[in-house]
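Bear in mind that the values here come from a model prediction, so they are computed numbers and not experimental data. Just so you know, these numbers use all the heavy atoms, side chains as well, and skip hydrogens, waters and symmetry mates.
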Amino acid sequence: MAIAIDRREFLKVSVAAGGALALEFALPASATPAAGAAVDVAQSFAGEGPEVTHWIVIHPDDRVVIRVARSEMGQGSMTGLAQLVAEDLGCDWNKVSTEFASPNEHIKRKRIWGSMSTGGSAGVRTSQEYLRKSGAAAREMLVAAAAQQWNVSASECTVKNGVIIHGKHRTTFGKVAAAASKMEAPKEPAVRDPGDWTIAGQPKHRLDIPDKVRGKPVFGVDVVLPNMLMASIVQCPVFLGKVKSVDTSAIENSRGVKGAVKGDDFVAVVADNWWRANQAAKKLKIEWDEGQYAKASDETIMASFREGLDAKDLASAQKVGDGAAALAGAARVIEAEYSSPYLSHATMEPMTATAWFRDDGTLDVWTSTQNAEASIATAAETAGLALEKVEVHKALLGGGFGRRGAPQDYVKQAVIIAKQFPGKPVKMIWSREEDMQHGFYRPASLVRMKAGLDAQGNLVAFHSVVACPSILALLRPEAIKNGVDFSAVRTLSDAPYTVPNVQCDYAMRNGHVPVGFWRAPGLQNAYYRECFLDEVAHAVGKDPVEFRLAMLKPGDKNRGVLEAVAKAANWGSPLPAGVYRGVAVSDGFGSYTAMVAEASVKDGELQVHRLVFAIDSGYVVNPDACRAQAEGNAVFNLGQLFEKHTIKDGRIAESNFHDFPLPRMPITPRVETVLVPTGGFWGGHGEPGALCVMPSVMNAVFAATGKRIRSLPLKDGDLKA
C-alpha cells in the first residue's frame with residue numbers, strides 16, 4: 001500500500017505532538033464515526049472478532065475489545081478511555097478488555113485513531129468526543145443489525161449491558177457484530193448525557209491491575225524475542241559532544257561480545273546478555289570531542305539567566321494596563337527572585353527499545369513510548385524505510401512524566417545499533433547512569449517578580465520576568481510566537497487573579513543542556529507565583545486565602561476550588577501544636593486546582609502531614625483514578641524538596657539515586673482529594689495535581705518558620721532556627 005505522506009514531514013509533525021503539552025492534531029474526518037463512511041477493514045488486525053468501528057472489536061461470545069491509541073504509564077488511561085467508549089456502546093463492562101491500536105495500521109489507514117501522543121493531561125479531554133461518538137455509532141449499528149433480523153424498527157429497540165431488546169426478542173452484541181460491521185456508520189450518533197452515565201463517571205477498577213498483580217504485562221525492558229542480542233550504550237558526557245575515536249581492543253575477545261557500534265555521539269556494545277555488554281562498554285577507550293560547552297557550569301548558566309532578567313526589549317508574554325506606571329505610583333512595592341534547578345524524570349524504567357530488521361525488509365520496534373507516532377517516524381527515518389514497512393509495538397511504560405514523549409534519541413539509537421545486526425532483534429537498555437545524565441531535563445529558571453500595592457494593601461500591579469531555556473525551541477520551534485515559549489511563562493502569563501496592571505516578560509536563554517516536558521511543564525512558575533503572592537499577603541497583614549479570594553471574581557472556577565479546599569481543610573481552625581498551613585491556587589491543563597498543606601518543622605527537619613487537594617475538571621471519568629493521580633502527584637513533586645541536577649564541566653554531575661534521591665515512604669503525607677466537577681468542559685488530571693504541591697508546602701514552611709524558601713531544593717540549614 002502506498003502512503004501519501006512524506007516521512008520527514010511526518011517525523012516533524014508527529015514529534016511535535018510528543019511530550020507533556022496539549023499540542024494535539026486536528027482529528028481527520030476519517031477518524032470519527034460521524035464521517036459516515038463504512039469501515040473498510042471488517043476484521044481486527046489482531047485476527048480476531050469483527051471490527052464494528054475502528055475502536056471496537058466484538059467477539060461472538062460477547063467479549064468487547066476496545067482499542068486505545070494513547071499510552072499507559074500507570075495513570076489509568078486504558079481504563080478511563082475504555083469507560084468512555086463502553087458507556088455509549090452500552091456493553092457489559094465485565095466483558096471489556098483493551099488493546100493498543102497498531103501504529104502501522106494507523107499509518108496505513110490515514111491516521112484513523114487520531115493522536116497517539118500521551119501528554120499534557122490530554123488523553124481524555126482531547127479524545128473524549130470522538131471516543132464517545134465511536135461507542136454510540138457502534139451501538140446504533142448493532143441495534144440496526146438486530147432490528148433488520150427481526151424486521152422491526154431500530155428506534156423501538158433498547159440496549160442494556162450488551163443485550164438488545166425488542167418485545168420478546170433478545171440478542172447479544174456478539175451475535176450481531178459481524179452483520180453490524182458491514183453497515184455504514186451513522187453520521188451523527190447520539191451520545192449519552194453525563195447525567196445518565198453508568199460506566200463513565202464511576203470508580204471502576206482499573207483493567208490493567210489484575211495482570212500487573214500477576215506480573216503478566218510486558219514493559220519495554222521485559223521484551224524477549226528469539227535469538228535476541230543486548231546492547232549497552234555510552235554517550236558523550238558533555239551534551240552536544242561527539243565521538244572522536246574509540247579503541248575496542250580491550251573487548252575483542254570478551255565472552256559473549258558480538259561487536260561495537262559507533263554513532264555520532266555514542267558507542268554501544270552488543271553481547272548475548274546485557275551485563276556482558278555493559279561491562280565491556282566500561283572497558284572501551286573513547287576519546288570525546290566535548291565541544292564548546294566543556295566548561296559550562298551552574299555558575300555560567302545562572303549568569304546567563306541573570307543577564308536575561310536585566311536585558312532590555314524582552315519578549316512580552318502578557319501586558320495589561322501600564323505596569324511600569326502603576327509600580328512607579330504604588331504606595332508600596334515588593335520584589336523577590338525565585339529559582340529552581342534542572343531536574344531529570346528519573347523514571348524507574350530507564351530508556352529502552354528493541355529493534356529487529358527482518359529478512360523481508362521490514363523493521364519491528366518494541367518500546368515504552370508516550371508517542372507511538374513519533375517513535376514510528378523516528379524509526380523509519382533512521383532506517384531509511386517507508387513508514388508502512390515499520391511497526392512499533394507499544395509496551396507499558398515504567399514511568400514517563402514527559403520523558404518518553406521525546407523518543408528521538410533512544411529509538412534512533414536502537415535502530416542504528418540493530419541495523420548492524422540484520423536478522424536479529426537487539427534490545428538496547430540504558431544504564432541508570434546514562435539515563436540520569438542524558439535526559440531532556442526540566443529547565444532551570446530564574447524569575448523576578450514585583451508587586452505594586454495601593455494604600456489599602458490591594459494588588460494594583462504585577463510584573464514578572466522569566467529567564468530560562470525554551471523547550472519549544474528544541475522540540476517544536478514553529479510553536480514559538482513573538483519570541484515567547486508559552487510553556488516557559490505559563491502560570492505567570494495567564495494568572496487568574498484580577499489585577500489592573502500586569503506584565504510578564506520572557507528572556508529566552510538557551511544553553512547546551514537538552515530540555516523537555518517534565519510533568520506539568522511550567523510547574524515551577526506556580527511555585528514562584530503562589531509563594532510570592534503569599535509574601536505579599538503576609539506583608540500587608542492579610543489572610544492568604546482571603547487575599548486570593550478578593551482577586552477572584554464570583555463564578556470563577558479558581559474561586560470555586562479555593563473555597564472548596566479551604567472548607568475541606570477547615571482553614572483557619574486550630575491545628576496541633578507545631579503544625580502550620582499553607583495554600584496555593586493554580587489552573588492548568590484544562591482544570592482548576594487548589595491545595596492546602598499542613599506541615600511542621602522540628603530541629604530543621606520538614607514533615608508534611610497532610611495535603612488537601614481540590615480540582616474542577618468539568619467531568620470526572622473515573623473518580624478513583626483521579627484520586628490516585630492526585631496522590632501520585634503529591635509524592636512525585638515532593639521530590640523537589642531535595643532533587644537537583646548540577647552542571648559541572650559541561651555535564652550532569654549526579655549519576656544515580658544516591659545523589660539524586662527520590663521521595664520515599666517516610667515523607668509521604670496523607671492526601672485528601674476533593675472532586676468538584678462543575679460540568680461543561682473537559683479538564684485533565686495527570687498534571688494539574690502537580691501545580692500546587694510545592695507552593696502550598698513552602699507557604700506552610702513559612703508559616704512554621706518565618707523563612708521564605710525562594711530557591712529549591714532545600715539545603716542543609718535552610719529550616720534551622
Have a look at R442 and tell me which of E643, Q640, H645 forms a side chain to side chain donor-acceptor pair (under 3.5 Å) with it. Q640
Nearest heavy-atom pair of L314 and A507: which atoms, and what distance? CD2-CB, 3.7 Å
Taking NZ, NE, NH1 and NH2 as the nitrogens, is one of them in R70 or E72 under 4.0 Å from a carboxylate oxygen of the other? no
Any cation-pi pair here, R125 with W682, using under 6.0 Å and within 45°? no
Under 3.5 Å, is there a donor-acceptor pair between the T646 and Y342 side chains? no
For H205, the side-chain hydrogen bond (donor to acceptor under 3.5 Å, both in side chains) test, sequence neighbours excluded, returns none
With a 4.5 Å cut-off on side-chain heavy atoms, are K720 and V601 touching? no
Can a side-chain donor-acceptor contact be found between N622 and D624 if the only test is distance below 3.5 angstrom? no
Is it possible for you to check whether R519 lies under 6.0 Å from the centre of the six-membered ring of F636, through NZ or CZ, and within 45° of that ring's axis? yes
Tell me whether the count of non-hydrogen atoms from other residues, nucleotides or ligands lying under 6.0 Å of NZ in K450 goes above 12. no
I'd like to check the salt bridge (charged side-chain N to carboxylate O under 4.0 Å, His left out) partners of E563; sequence neighbours left out, ordered by chain and number. R559
Stepwise side chain to side chain contact (heavy atoms under 4.5 Å, CB included) check, S470 with I480: CA-CA 9 Å; S470 166; I480 293 175; 3.7 Å; yes
Could you check whether atom NZ of K319 has more than 12 heavy atoms from other residues, nucleotides or ligands sitting under 6.0 Å from it? no
Between E337 and R306, is there a side-chain N and carboxylate O pair less than 4.0 Å apart? yes
Write down the atom of L611, the atom of S696, and the distance for their closest heavy-atom approach. CD2-OG, 4.3 Å
Please indicate whether K553 has more than 12 foreign heavy atoms, meaning atoms of other residues, nucleotides or ligands, lying under 6.0 Å from its NZ. no
Cation-pi between R403 and F517: NZ/CZ under 6.0 Å from ring centre and within 45° of the ring axis? no
Side-chain contact test, heavy atoms from C-beta onward, threshold under 4.5 Å: evaluate it for V545 versus L549 and give yes or no. yes
E535 vs R710, test: side chain to side chain contact (heavy atoms under 4.5 Å, CB included). Steps then yes/no. CA-CA 11 Å; E535 289 195 47; R710 299 190 181 96; 3.0 Å; yes
Looking at every heavy atom in both A614 and A564, which two are closest together, and how far apart are they? CB-CB, 4.3 Å
For the residue pair E631 and N633, confirm or rule out a side-chain donor-acceptor distance under 3.5 Å. no
Using modelled atom types only, decide if a donor and an acceptor are shared between the side chain of E687 and the backbone of S121 within a distance under 3.5 Å. yes
Is atom CD of E129 surrounded by more than 12 heavy atoms (other residues, nucleotides or ligands) closer than 6.0 Å? no
Less than 3.5 Å apart, any donor N or O on the side chain of S71 or Q370 sitting next to an acceptor on the other? no
Indicate the atoms forming the closest heavy-atom contact of Y527 with S711, along with that distance. OH-N, 3.4 Å
4.5 Å side-chain heavy-atom contact, V447 and F532: no
N-O pairing of E87 and R192 below 4.0 Å: yes
Between R708 and D534, does at least one N-O distance fall below 4.0 Å, as a salt bridge requires? yes
Salt bridge or not between E530 and R548? Use side-chain N to carboxylate O under 4.0 Å. yes
Over 12 non-hydrogen atoms of neighbours within 6.0 angstrom of CG in D193: yes
Can you name the closest pair of heavy atoms from I199 and A86 and give their distance? CD1-O, 3.8 Å
Trace of the side chain to side chain contact (heavy atoms under 4.5 Å, CB included) decision for Y528 with S445: CA-CA 10 Å; Y528 303 152; S445 67; 2.6 Å; yes
Ignoring hydrogens, what is the shortest heavy-atom contact between P713 and L641? Give both atom names and the distance. CB-O, 3.2 Å
Can S464 and R448 be said to form a side chain to side chain contact (heavy atoms under 4.5 Å, CB included), step by step? CA-CA 6 Å; S464 57; R448 179 183 295 153; over 6 Å; no
